[in-house]
Number of protein chains: 2
Amino acid sequence: MPLSIGQVAERTGLSVHTLRFYEKEGLFAMPVRRVGGQRVYGDAELDWLYLCTRLRASGMPLPLIREYAALVREGMTTVEARLSLLREHRERVAAQMEELQGCLDLVSRKVAMYEDHLAADGDDPLWTRPPVN
Amino acid sequence: MPLSIGQVAERTGLSVHTLRFYEKEGLFAMPVRRVGGQRVYGDAELDWLYLCTRLRASGMPLPLIREYAALVREGMTTVEARLSLLREHRERVAAQMEELQGCLDLVSRKVAMYEDHLAADGDDPLWTRPPVN
DNA sequence: GCTTGCCCTAGAGCCGACTCTAGGACCTAG
DNA sequence: CTAGGTCCTAGAGTCGGCTCTAGGGCAAGC
């Protein structure tokens, strides 16, 4: 069950470089090492890493993840702080999704316009001028 | 109605720098200039710029927008190419939204966990251990 | 005629997030 | 005992997308 950095890279899809980089950036203070200095990853680390990838994928910048990691390390006294950090992130993600939805709508309208134009075989009715861009 | 770069910057929220940068990157081949060499923007440019911002906001990289711009400039012979480019982008945006939704779900679950923990006043029931991170 | 304010170009700088290189240690198998 | 594979650190490089600087032009108003 204890994994080497290479195995974790394989499982998570992150590169070995990225894992070390994340550690250097303070995403997880994990001085758990084998005798030769090699990193050892267990279930806890994998779980945390999974959370990190989700936070990254939703646009949380590394410094903020580091902050959250620091709070977690601090212990149960930081629960309120963690909660508000997560809530703020949730709001940002929701906003981001709304914006994406707007973009998606626009693109879909454009796709529909082009499809109509092609279906009309260049012979657009008066109320459907060919799309400009 | 013809606007200067500064006015366009004000209206779009993009910086003057960014507008010139976009032009340099080929996002719009617009050599429409006043006598002194100053750029002039009309409705067509504003529309196109709006589309550009939506595409950027949905993660389309500049080179791809440039490619689309080139197709538009090429004329109506490139309609199929534009359509497929837009369709591909639409797919990417949809995928991105799904991923974001997954992240949002995870974050929301974590928020709920922390809220439960706080509501229980540190006295969590057996089936609700305090959250680890 | 000089200041003010907007515009121009070319090019440098910055930031975030990786990504890779150099140089070296350790361990195992042949 | 040496070759291969995986690991280590420190630090440099890359890439995308801006952002800013230096140095200068033009036009209006005092």
Side-chain angles (χ1 to χ4, degrees), chain A residues 2-42 45 49-69 89 92-93 96 99-100 103, chain B residues 2-42 45 49-69 89 92-93 96 99-100 103:
Chain A
L3 302 171
S4 74
I5 196 168
Q7 294 169 310
V8 172
E10 210 173 337
R11 270 165 193 64
T12 60
L14 297 168
S15 77
V16 171
H17 295 306
T18 302
L19 287 171
R20 287 198 275 249
F21 170 68
Y22 279 2
E23 184 178 332
K24 198 167 60 184
E25 293 293 292
L27 290 215
F28 38 119
M30 196 207 48
V32 186
R33 302 296 183 102
R34 243 191 277 271
V35 274
Q38 298 185 205
R39 292 168 181 79
V40 175
Y41 298 77
E45 281 74 34
L49 203 45
Y50 177 71
L51 176 58
C52 287
T53 61
R54 273 356 23 229
L55 294 177
R56 280 297 300 125
S58 50
M60 185 181 285
L62 293 184
L64 208 50
I65 305 186
R66 166 168 52 222
E67 197 178 316
Y68 186 75
H89 185 59
R92 279 191 300 271
V93 175
Q96 162 82 348
E99 165 140 52
L100 269 190
C103 299
Chain B
L3 301 171
S4 74
I5 195 169
Q7 294 169 310
V8 172
E10 212 173 336
R11 269 164 193 62
T12 59
L14 296 169
S15 78
V16 172
H17 294 307
T18 303
L19 287 170
R20 287 199 274 249
F21 170 68
Y22 279 2
E23 183 178 332
K24 199 169 59 185
E25 291 294 290
L27 288 217
F28 39 119
M30 195 208 48
V32 186
R33 302 296 184 104
R34 243 189 276 271
V35 274
Q38 300 184 205
R39 293 167 180 81
V40 175
Y41 298 77
E45 281 74 34
L49 203 45
Y50 176 71
L51 177 57
C52 287
T53 61
R54 282 337 42 222
L55 293 177
R56 280 297 299 125
S58 50
M60 185 182 285
L62 292 183
L64 209 50
I65 304 186
R66 166 168 52 223
E67 197 178 315
Y68 185 76
H89 184 60
R92 279 191 301 271
V93 175
Q96 163 81 349
E99 166 141 52
L100 269 190
C103 299

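Lettering of chains follows the sequences in order, A, B, ..., and the numbering in each one begins at 1.
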In whole angstrom, what separates [X]'s [atom1] from [N]'s [atom2]?
| X | N | atom1 | atom2 | result |
| --- | --- | --- | --- | --- |
| B:Glu25 | C:dA10 | CD | P | 14 Å |
| B:Leu64 | D:dG16 | CG | P | 13 Å |
| A:Gln38 | D:dG5 | CD | P | 16 Å |
| B:Glu23 | C:dA10 | CD | C1' | 14 Å |
| A:Leu19 | D:dC7 | CG | P | 10 Å |
| B:Leu27 | D:dG17 | CG | C1' | 11 Å |
| A:Gln7 | D:dG5 | CD | C1' | 13 Å |
| A:Leu3 | D:dC7 | CG | C1' | 15 Å |

A:Leu55 side chain reached by A:Leu64 side chain, heavy atoms, under 4.5 Å: no

Who are the side chain to side chain contact (heavy atoms under 4.5 Å, CB included) partners of [X], not counting sequence neighbours?
| X | value |
| --- | --- |
| B:Glu99 | A:Arg54, A:Ala57, B:Cys103 |
| B:Gln38 | B:Arg34 |
| A:Pro2 | A:Val40 |
| B:Arg56 | B:Tyr22, B:Leu62, B:Ile65 |

Pairing residues for B:Glu25 by the side-chain hydrogen bond (donor to acceptor under 3.5 Å, both in side chains) criterion, not counting sequence neighbours: none

D:dT21 OP1/OP2 closer than 4.0 Å to side-chain N/O of B:Arg20: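 No, outside the criterion.
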
Touch class at under 4.0 angstrom, heavy-atom based, for B:Gly36 against every strand present: nothing

Nucleotides 12-19 of chain C: protein proximity per nucleotide (B base, S sugar-phosphate only, - neither; heavy atom, under 4.0 Å): -----SBB

